[in-house]
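Beneath this line is the structure, given in structure tokens, with notes to follow.
Throughout, a chain's letter reflects where its sequence line sits, starting with A, and its residues are numbered from 1.
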Amino acid sequence: MNFQIYNTLTGNKEDFTPLQAGKIGMYVCGVTVYDYCHVGHARAGVVFDTIFRYLKHIGYDVTYVRNFTDIDDKIINRANEQGVAWDEITRKFIDAFYEDMDRLNMERPNLEPKATECIPEMIDMISTLEKQGKAYSVDGDVYYSVSSFADYGCLSKRKREDLLAGARVEVDDRKRDPLDFALWKKSKPGEPSWESPWGPGRPGWHIECSAMGQKFLGKVFDIHGGGKDLVFPHHENEIAQSCGATGSAPVRYWVHNGFVNINKEKMSKSLGNFFTIRDILDKYHPEVLRWFLLSSHYRNPIDFSDSNLEEAERVMVRFYEFLDDSEKVLAGFVPEPVSSENGISKVREKFREAMNDDFNTAIVQAILNEELRRLNQVRDQATKTKKKQRGPLLQELFDGLALMKEMAHILGVLIDSPSAFLESIKQKKIRELDLDTDKIETLIQERTQARSAKAWADADRFRDELTEMGVLIEDTPEGTIWKIR
RNA sequence: GGCACCGUCGCCAAGUGGCUAAGGCCGAGGUCUGCAAAACCUCUAUCGGCGGUUCGAAUCCGCCCGGUGCCUCCA
């Protein structure tokens, strides 16, 4: 199964060919575990989780590696601020990371190495660079010599002069060149440290991904992902280090997701305009957040706002109401052992076309919406048809439903049970509006009585009262149900 | 200052040379309904501006206007 993927390195969409037939090695930069994850991290997670699911779906044997940066200045600072051990901080936020990602239906990568578990590999790589004169040590620190790598800037499309011209880097006279970056940092007394040929210290940030990528996926692997903000300097430096150490470019396809914006501005820690995943999941169902995050192409920025989340919620409710209704209509129906297909292979083909075109999830959502409309018609028609003649329609509904779920599951949505999903939305709204459910039930009973007496004016008055509270009434064959507007 | 990117219906968002510019939200009209709701049907854009290339451009090129990101840790 062939697909196209946008490669930051070449700036083009390319036909993907794996290094080894049928297999894909994919490394995605994880998080530095010193704080709770925000919605920006959620986007990166959801995007690559979706890609992971799809690649497996089309038959690839994928090895997905995602690291934890569990040693770093920010972690040490946070530990000092709070007066706790650094590894207490990392343990806490790794736990929190899993809580958040699990709630978002994220599949676990095959390997999730921590930087501190791969220090020997990093030291090896730094030593190799030093032996070749591509790195130099100064008083316990080791720097990479950018001038040793002619292609520096190839990923971010920048020339070394351009970088220097706009450099806001503090002048560090220990570096031979302002662009040189730390491979190894000497530790101060009391800081976490590892023994090395240069004395006790800790690895620089960039070397960890080079070392871990190579350790788990080999000197050259297929896909390396991360947020756009990692293109420079992180991934640029990674290329420099790996090329320097192994002589070959480490990654064949570089894939970067766009930012989550708030009011057109990047959501980020430093701007302080971020929402943590757990804050948002208090307000919205995880699948609502996922649907929203996949509603625009992964490379484009996406604007985070309540109105956009609310729209996603309305859409998800529509899908789940359909699922809920369909389950009822299909209750007791025994499908044909061999699916009749009913032309749904065309839909599957459209789905694959969309995903094969650089993972265009926005188009997948359009396809799902079209299927929803079509299957609602089938469902309505089935309901209107005499029970004995419903068979073919129910089969069509059954097959369509199965395909809808198959596609949605790649996006990581429509996984919850319809009743659980709808109930959670309902309860959330009841809480928000601070409604009295007993009173609602009573009013509905009174309305039902009025209706059976054909006292329409009374019935309508009860309904008006409910409407004012924000409660919506639906009279169904199984009786009156209610939900929140 | 340098380097990238973006500007499509009221809103969100696909489309990157050629059938009638996807899909969703909101809105309007209709079918259904005691009336509603839900569902379904119908309706709503020539693509920031100007100029160019081309038989043909939202899609390519140039300029202008507006916005963002990166150049420092950042998904």
| task | Just call it for A:Gly226: base, sugar-phosphate, or nothing, with non-hydrogen atoms closer than 4.0 Å on any strand. | result | sugar-phosphate

| request: Under 4.0 Å between any heavy atoms, over every strand shown, what does A:Asn308 touch: base, sugar-phosphate, or nothing? Just pick one. | output: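 Result for A:Asn308 = sugar-phosphate.
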
| So A:Tyr152 and A:Phe181, would you call those rings parallel, tilted or perpendicular, with 30° and 60° as cut-offs? | parallel

| request: Determine whether the side chains of A:Tyr34 and A:Asp73 contain a donor N or O and an acceptor N or O closer than 3.5 Å. | output: no

| Between A:Glu208 and A:Thr69, do the side chains contain an N or O donor and an N or O acceptor separated by less than 3.5 Å? | yes

| task | Output the residues of residues 292-301 of chain A in contact with RNA chain B, where contact means a heavy atom of the residue under 4.0 Å from an atom of the strand; sort by number or write none. | result |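 The stretch gives A:Ser295, A:Ser296, A:His297, A:Asn300 as the residues lying under 4.0 Å from the strand, ordered by number.
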
| query | Which residues within residues 471-485 of chain A lie with some heavy atom under 4.0 Å of an atom in RNA chain B? | reply | A:Leu472, A:Ile473, A:Glu474, A:Asp475

Counterpart residues, salt bridge (charged side-chain N to carboxylate O under 4.0 Å, His left out), relative to [X] (two or more places apart):
{"X": "A:Arg53", "result": "A:Asp49, A:Glu107"}
{"X": "A:Glu478", "result": "none"}
{"X": "A:Asp324", "result": "A:Lys328"}
{"X": "A:Lys13", "result": "A:Asp357"}

Check this for me, if you would: do [X] and [Y] make a salt bridge, where the nitrogen-to-carboxylate-oxygen distance has to be below 4.0 angstrom?
{"X": "A:Asp458", "Y": "A:Arg461", "value": "yes"}
{"X": "A:Glu236", "Y": "A:Arg158", "value": "no"}
{"X": "A:Asp72", "Y": "A:Arg202", "value": "no"}

Between [N] and [M], how far apart are the two [atom1] atoms, rounded to whole Å?
{"N": "B:rG62", "M": "B:rC3", "atom1": "P", "answer": "13 Å"}
{"N": "B:rG49", "M": "B:rC9", "atom1": "P", "answer": "11 Å"}
{"N": "B:rU8", "M": "B:rU59", "atom1": "C1'", "answer": "11 Å"}
{"N": "B:rC61", "M": "B:rC6", "atom1": "P", "answer": "11 Å"}
{"N": "B:rG29", "M": "B:rA36", "atom1": "P", "answer": "12 Å"}
{"N": "B:rA57", "M": "B:rG66", "atom1": "C1'", "answer": "22 Å"}
{"N": "B:rG1", "M": "B:rC64", "atom1": "P", "answer": "12 Å"}
{"N": "B:rC5", "M": "B:rA37", "atom1": "C1'", "answer": "45 Å"}

| task | Can you measure from OH (A:Tyr253) to CD1 (A:Ile223) and round to the nearest 0.5 angstrom? | result |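 One gets 8.5 Å once the value is rounded to the nearest 0.5 Å.
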
| said: Just to verify, what does A:Phe274 make a ring-ring contact (aromatic ring centres under 6.0 Å, His included) with, not counting sequence neighbours? | reply: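 Residues passing ring-ring contact (aromatic ring centres under 6.0 Å, His included) with A:Phe274: A:His38.
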
Let's see if you can work this out: which of [options] has an atom nearest to the side-chain heavy atoms of [X]?
{"X": "A:Ser270", "options": "B:rA22, B:rC73, B:rC35", "answer": "B:rC73"}
{"X": "A:Ala366", "options": "B:rG23, B:rA36, B:rA14", "answer": "B:rG23"}
{"X": "A:Lys74", "options": "B:rC73, B:rA75, B:rC3", "answer": "B:rC73"}
{"X": "A:Lys264", "options": "B:rC73, B:rG34, B:rU68", "answer": "B:rU68"}
{"X": "A:Phe259", "options": "B:rA14, B:rG2, B:rA75", "answer": "B:rA75"}

| query | Who is the Watson-Crick or G-U wobble partner of B:rC43, with both distances under 3.5 Å? | reply | B:rG27

| field | Qualifying residues under side chain to side chain contact (heavy atoms under 4.5 Å, CB included), relative to A:Asp475, sequence neighbours excluded | value | A:Arg447, A:Arg451, A:Ile473, A:Thr480

| message | Strictly by ring-ring contact (aromatic ring centres under 6.0 Å, His included), give each pair with a member in residues 353-375 of chain A just once, sequence neighbours left out. | response | A:Phe3-A:Phe359

| query | Which pairs pass ring-ring contact (aromatic ring centres under 6.0 Å, His included) with one or both residues in residues 305-331 of chain A, sequence neighbours excluded? | reply | A:Trp291-A:Phe319, A:Tyr320-A:Phe421

Is [X] close enough to [N] that one of its side-chain N or O atoms is under 4.0 Å from OP1 or OP2 there?
{"X": "A:Lys266", "N": "B:rC70", "value": "yes"}
{"X": "A:Gln377", "N": "B:rC41", "value": "yes"}
{"X": "A:Asn376", "N": "B:rA38", "value": "no"}

Under 3.5 Å, which protein N or O atoms sit close to an N or O of nucleotides 24-28 of chain B? Give each pair with its distance.
| residue | atom | partner | partner atom | Å |
| --- | --- | --- | --- | --- |
| B:rG24 | N2 | A:Glu311 | OE1 | 3.1 |
| B:rG24 | N2 | A:Glu311 | OE2 | 3.2 |
| B:rG24 | N3 | A:Glu311 | OE2 | 3.1 |
| B:rC25 | OP1 | A:Arg318 | NE | 3.4 |
| B:rC25 | O4' | A:Glu311 | OE2 | 3.2 |
| B:rC25 | O3' | A:Arg314 | NE | 3.1 |
| B:rC25 | O2' | A:Arg314 | NH2 | 3.0 |

Every protein N/O lying under 3.5 Å from an N/O of nucleotides 43-46 of chain B:
none

| query | For the base of B:rG15, is there a side-chain donor-acceptor partner from A:Asn360 under 3.5 Å away? | reply | no

